[in-house]
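Below: one structure, written as structure tokens.
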Protein chains: 2
Amino acid sequence: MINGFAACLVPVGDSVWGICRSTRHCLLEFIHDRLMTDDSRHPDSGDPNVPVPKAVVSRLSLYLRELSQLIRDGRDTTSSTQLGERLGLTDAQIRKDLAYFGQFGYPGIGYRCDELVTEIRRILGTDRDWPVAIIGLGNLGTALIGHRGFAEQGFRVTAAFETDESKVGMTLGGVPVFHIDQLSEIVKKDGIRLGILAVPAKAAQSVAQRLVEADIEGILNFAPVTLSLPPTVSRVAVDLAIELEQLSFAVVNRLKNS
Amino acid sequence: MINGFAACLVPVGDSVWGICRSTRHCLLEFIHDRLMTDDSRHPDSGDPNVPVPKAVVSRLSLYLRELSQLIRDGRDTTSSTQLGERLGLTDAQIRKDLAYFGQFGYPGIGYRCDELVTEIRRILGTDRDWPVAIIGLGNLGTALIGHRGFAEQGFRVTAAFETDESKVGMTLGGVPVFHIDQLSEIVKKDGIRLGILAVPAKAAQSVAQRLVEADIEGILNFAPVTLSLPPTVSRVAVDLAIELEQLSFAVVNRLKNS
DNA sequence: TAGATTGTTAATCGATTAACAATC
DNA sequence: TAGATTGTTAATCGATTAACAATC
């Protein structure tokens, strides 16, 4: 779409030259991660030193999901207003959220869906494949091995771990089951960085410790306990019973709030 | 522990009588939900008209989980400081959260674990049994039928629903599998108020519609779509791929934030 | 051009924290 | 009593919203 960069330079001041927006998008692919020399940009826009609230990152995933749906529906572009309506958010919030990471839209046009998907994937780190380990093969762990949603976002379960000798050596959904003593070895071999912890509550802390020792960098914890982890290891917790409790509260208090 | 109420009245002003704290706890069981005549209390403390932030309710579940653990460990009482340390929260936040719902502690002592568990269960609505339906018996739905954590918090899966005729009529983990056409009928019969939606994304909205028509009051949605529901139906969404995306982001940005 | 929509600022709103009198 | 800890207020901090110039 762009034939040369020189043609796209536009004057923006006495002796300063800027670039038009459509050129910027192409250039970004060139200079991304290498030349962070765009000193003219607002310090809050895409500045890696501004801490990003967790809630913002969480909504980013929603934007990604909705954009993927829009693309499947054949849409080329969308706007913060349209996205907001579909997600129950204000347009201002969506633009503000994206501004933490850079400028991705076109005034008067909106956002190109495919471009924004690419950008959000890059921000979330899902522009690559993540080999993942599942530890614990009870009901939940076994189900997660074949979870379609993981594969669709680039998370590949390459190994499962158990203490139950009767399961070790099996292959479940194409995934080999190892004894947990082989954790370090397999993690190293497969380049696994993320672990999904689906063991009973009583075992969770000690198994988490073993994940840390195996140099796992992030743990998705399904056990209903607060893990004690070094700050070098990231964690996300999902307690399914708590989710139902939140629903219970919402139902019981529905009349009061509406 | 209390022999009579009269003995526990204490003077607090010219012609006003108050009650001591330990009596208050006993009295609360009497007057709870019936006599809201305690006009002397601060309007924000336990006032049902003050909207409760979602984040507060979410932490309430964490407090409940941690208190249950403390009780299992043999502790009688705890404090906001101790709870905070275990959960990575400030003591002030815990006291503030609880203040939305009432006064549950004893100055100088802390909180009686069993009492606070009872109170939080009542607040969350899990002081009763909830019959629950699971809709969709793929990997995840099937796993959730036997999920121990649900039963422990009083959520009983009494029925499962599928469109796949080969599964209808089966019994999985003691739970009968019905065709989704029987939804209204079984929901009515079992007194089911909550539904766990574990169907493929493409089917989620239309199945949700059927749940609404069956007068389900709350939906725990595992499908990676934003459901369009009437405001009379409560919803909680869990997207497992999104949780891994959050973990991915945390790992990729770990260096920047610490 | 007129209409649409962005990115950004400032104003608003809400949530967290610190501090402390009241209490046991 | 002295020490501990609550419930509550006020101060701080952070997140959301409204508004609008810049842009296509």
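No hydrogens, no waters, no symmetry mates; every other heavy atom, side chains included, goes into these values.
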Can you name the side-chain hydrogen bond (donor to acceptor under 3.5 Å, both in side chains) partners of A:Arg121, sequence neighbours left out? none
Looking at C:dA4, I'd like to know if its phosphate oxygens (OP1 or OP2) sit under 4.0 Å from a side-chain N or O belonging to A:Ser79. no
For the side chain of B:Pro107, counting heavy atoms from C-beta on, which of C:dT6, C:dT23, D:dG7 is nearest? C:dT23
A:Tyr111 side chain near C:dG7 phosphate (N/O to OP1/OP2, under 4.0 Å): yes
Quick one: A:Tyr63 OH to C:dT6 P, roughly how many Å, whole number? 12 Å
Starting at the 5' end of nucleotides 10-17 of chain D, put B wherever the base has a protein heavy atom under 4.0 Å, S where only the sugar-phosphate does, and a dash everywhere else. -----SBB
Go through A:Arg75 and A:Gln69 one step at a time and tell me if the side-chain contact (heavy atoms from CB on, under 4.5 Å) criterion holds. CA-CA 9 Å; A:Arg75 300 284 321 241; A:Gln69 183 57 52; over 6 Å; no
Whole-Å distance between C:dT5 P and A:Asp91 CG? 10 Å
Could you tell me whether the phosphate oxygens of C:dT23, OP1 or OP2, come under 4.0 Å of any side-chain nitrogen or oxygen in B:Gln103? no
Exactly one of A:Ile123, A:Thr126, A:Val57 should register a side-chain contact (heavy atoms from CB on, under 4.5 Å) with B:Ser248. Which one does? A:Thr126
Keeping B:Gln246 on the side-chain end and A:Ser58 on the backbone end, is there a donor-acceptor pair under 3.5 Å? yes
Paired runs of 3 or more consecutive Watson-Crick or G-U pairs involving DNA chain D, with both pairing distances under 3.5 Å, are C:3-24 with D:3-24
Ignoring hydrogens and angles, state whether a donor on the side chain of A:Tyr63 or A:Glu119 is under 3.5 Å from an acceptor on the partner side chain. no
Examine C:dG7: is either OP1 or OP2 under 4.0 Å from a nitrogen or oxygen in the side chain of A:Arg95? Give yes or no. no
A:Gln82 CD to C:dA4 C1', in whole Å, measures 13 Å
Are the side chains of A:Ser234 and B:Phe249 in touch, meaning some heavy atoms are under 4.5 Å apart? no
Please classify the nucleic acid contact of B:Ser80 as base, sugar-phosphate, or nothing, using heavy-atom distances under 4.0 Å. sugar-phosphate
Do A:Asp97 and A:Arg59 meet the salt-bridge criterion of a basic N to acidic O distance under 4.0 Å? yes
Check whether any side-chain heavy atom of B:Leu227 sits under 4.5 Å from a side-chain heavy atom of B:Leu197, and report yes or no. yes
In this structure, how many angstroms lie between the P atom of D:dT6 and the CG atom of B:Leu83, rounded? 9 Å
What nucleotide, of D:dG7, C:dT6, C:dC24, holds the atom closest to the side chain of B:Ile109? C:dC24
Interatomic distance, A:Arg112 CZ vs D:dC24 C1' [rounded to whole Å]: 14 Å
When you compare the side chains of A:Thr77 and A:Arg112, does any donor N or O come within less than 3.5 Å of an acceptor on the partner? no
Rounded to whole Å, please give me the gap between CD in A:Glu119 and P in C:dT6. 15 Å
